[in-house]
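Chain A is the first sequence line, chain B the second, and so forth, proteins listed ahead of strands; every chain is numbered from 1.
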There are 2 protein chains.
Amino acid sequence: MRVSKEKAADNRERILTTASRLIRERGISGVGVDALTEAAGMTHGGLYSQFGSKQRLVEEAVAEAIASKGRELCETTTVDDYVSEYLSPAHRDDPGSGCPFAALCSEMQRQSQGARERFTAGVKGMIGWLSARIGSGTRQRRRDEDAIVTLVSLVGALVLARAVSDPKLSDEILRATRKKLAG
Amino acid sequence: MRVSKEKAADNRERILTTASRLIRERGISGVGVDALTEAAGMTHGGLYSQFGSKQRLVEEAVAEAIASKGRELCETTTVDDYVSEYLSPAHRDDPGSGCPFAALCSEMQRQSQGARERFTAGVKGMIGWLSARIGSGTRQRRRDEDAIVTLVSLVGALVLARAVSDPKLSDEILRATRKKLAG
DNA sequence: CATTTATAATTACGATCATCATCTAATTCA
DNA sequence: TGAATTAGATGATGATCGTAATTATAAATG
């Protein structure tokens with residue numbers, strides 16, 4: 001049964017939005033096509049009209065998640081502000097709307113080329129953003145290196161803070177990394 | 001059909017060993033009970049005689065992977081050696097026998113309490129190992145903080161180096177982080 | 001306005017998932 | 001030697017997986 005073009009576009013967008021949240025919350029292989037479409041008020045088959053396959057949807061959802069966070073990034077003023085938001089308990093406790101790099105990194109190596117390329121583009125963008133704002137000399141290469149190390153520390157701290165079951169250790173991971181990146 | 005106690009123990013160990021490799025290669029939710037037992041030369045039923053459930057096996061496999069890497073750690077002399085091995089392309093390209101923290105971190109938050117506790121114990125052990133070997137003053141607390149930041153950087157660098165599809169960027173992530181942790 | 005065409009979403013499908021009940025064979029122990 | 005125990009095979013189960021065929025209706029065409 002067909003639906004108006006408007007309605008179809010709306011459905012597509014809603015699937016994409018919920019997918020970008022769900023894959024961050026439950027992992028890519030942890031969420032099925034049923035959950036992805038049901039949350040958008042449809043049956044699972046509709047996914048194939050809109051995206052052709054789960055893999056294709058994942059590719060777009062990864063891009064959407066990264067783009068969405070990129071938009072937030074534009075509103076952030078300083079690296080220090082970003083770091084302390086990134087390493088906050090609030091961010092740790094809300095993966096669904098949080099950093100896609102942290103949420104998807106260890107699953108990414110097993111995804112399609114397309115998904116990995118979009119992820120990679122996002123990582124490059126993030127490194128660029130950090131590099132442009134980090135004041136460690138004027139040499140481009142040195143700034144890029146520092147940006148990489150900053151990103152690596154942010155992502156590593158967040159995933160480990162989420163993984164451990166001891167709340168004290170989790171807080172300590174965030175705190176120690178925040179302290180290091182600030183000073 | 002029954003099997004000798006020896007043979008049964010041997011089977012159990014083989015399932016555990018292959019499981020600890022497979023979950024690191026394909027992810028916990030990416031590998032099924034069939035694959036886990038088949039690789040050990042058994043049918044899926046045997047898993048339930050030995051472990052009761054997939055979750056229980058995962059818990060033991062996580063512990064086994066961490067213990068196995070812990071044994072390797074005893075043979076490593078310096079932190080610098082460890083860092084350069086950890087951040088080597090060889091380690092990046094062989095997740096199955098590599099760091100369990102990096103392989104499982106982003107899936108861990110969705111696992112059973114038991115699995116997360118074993119993971120957490122491993123993280124604490126690793127922090128302790130690093131802390132005891134890092135020469136940044138005598139104050140325990142300061143050393144622990146540095147150990148955490150080191151671990152966080154190692155894990156973050158490895159997962160991101162594995163995730164990105166651009167080999168040059170991947171190498172650069174490893175290189176920049178190695179440089180930072182060395183100097 | 002009537003008819004055809006295109007297509008969004010439902011429904012049907014086969015494969016695979018983790019689990020469990022049942023069975024078998026052989027070890028272990030009395 | 002015989003009885004009890006048990007590791008593992010087997011096949012059924014219901015749930016869920018991703019996909020393809022079907023259907024219903026909007027849009028295009030006359």
A.B. asks: When the nearest nucleotide of DNA chain C is assigned to B:E6 and to B:Q55 on a heavy-atom basis, which residue is associated with the more 5' position?
C.D. replies: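 The residue mapped nearer the 5' terminus is B:Q55.
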A.B. asks: Hey, does the side-chain of A:H44 have a donor or acceptor N/O within less than 3.5 Å of a partner on the base of D:dA20?
C.D. replies: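 A donor-acceptor contact between them is absent.
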A.B. asks: Enter the distance from B:R14:CZ to B:D10:CG here, rounded to the nearest 0.5 Å.
C.D. replies: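 B:R14 CZ to B:D10 CG: 5.0 Å, rounded to 0.5 Å.
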A.B. asks: Could you check which of C:dT10, C:dA8, C:dA18 has an atom nearest any side-chain atom of B:K54?
C.D. replies: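 Per side-chain heavy atoms of B:K54, the pick is C:dA18.
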A.B. asks: Would you mind reading off the distance between B:L36 atom CG and C:dA18 atom P, rounded to a whole angstrom?
C.D. replies: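 My rounded result for the distance is 8 Å.
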A.B. asks: State whether the number of non-hydrogen atoms from other residues, nucleotides or ligands found under 6.0 Å of A:Q113 atom CD is greater than 12.
C.D. replies: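 Count over threshold, so yes.
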A.B. asks: Using a 4.0 Å heavy-atom cut-off, does A:V33 contact any base of the nucleic acid, only the sugar-phosphate backbone, or nothing at all?
C.D. replies: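 A:V33: base contact, heavy atoms under 4.0 Å.
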A.B. asks: Tell me the interatomic distance from A:I15, atom CD1, to C:dA8, atom C1', rounded to whole angstroms.
C.D. replies: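 It works out to 10 Å between those atoms.
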A.B. asks: Indicate, yes or no, whether a donor-acceptor pair under 3.5 Å links the base of D:dG8 to the side chain of B:S49.
C.D. replies: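 Per atom types, the contact qualifies.
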A.B. asks: Please check the phosphate of D:dA7 (OP1 and OP2 only) for any side-chain N or O of B:Q50 closer than 4.0 Å.
C.D. replies: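 So the side-chain polar atoms of B:Q50 never come under 4.0 Å of the phosphate oxygens OP1 or OP2 of D:dA7.
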A.B. asks: Kindly indicate whether the side chain of A:R2 and the base of C:dA6 share any N or O donor-acceptor pair separated by less than 3.5 Å?
C.D. replies: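 Result: at least one qualifying N/O pair found.
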A.B. asks: OP1 or OP2 of C:dC29 sitting under 4.0 Å from any side-chain N/O of B:K5?
C.D. replies: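 Answer yes for this pair, as a side-chain N or O of B:K5 is under 4.0 Å from OP1 or OP2.
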A.B. asks: For A:S4, answer base if it contacts any base atom (sugar-phosphate contacts may also be present), sugar-phosphate if it contacts only those atoms, and nothing otherwise; contact means non-hydrogen atoms under 4.0 Å.
C.D. replies: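 It contacts sugar-phosphate atoms only.
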A.B. asks: For a quick test of reading the model: is some side-chain N or O of A:Y48 closer than 4.0 Å to OP1 or OP2 of D:dT19?
C.D. replies: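 Yes, such a contact exists.
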A.B. asks: Just verifying a value: how many Å separate B:D81 CG and B:E75 CD, rounded to the nearest 0.5 Å?
C.D. replies: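 Spacing of CG (B:D81) from CD (B:E75) equals 13.0 Å.
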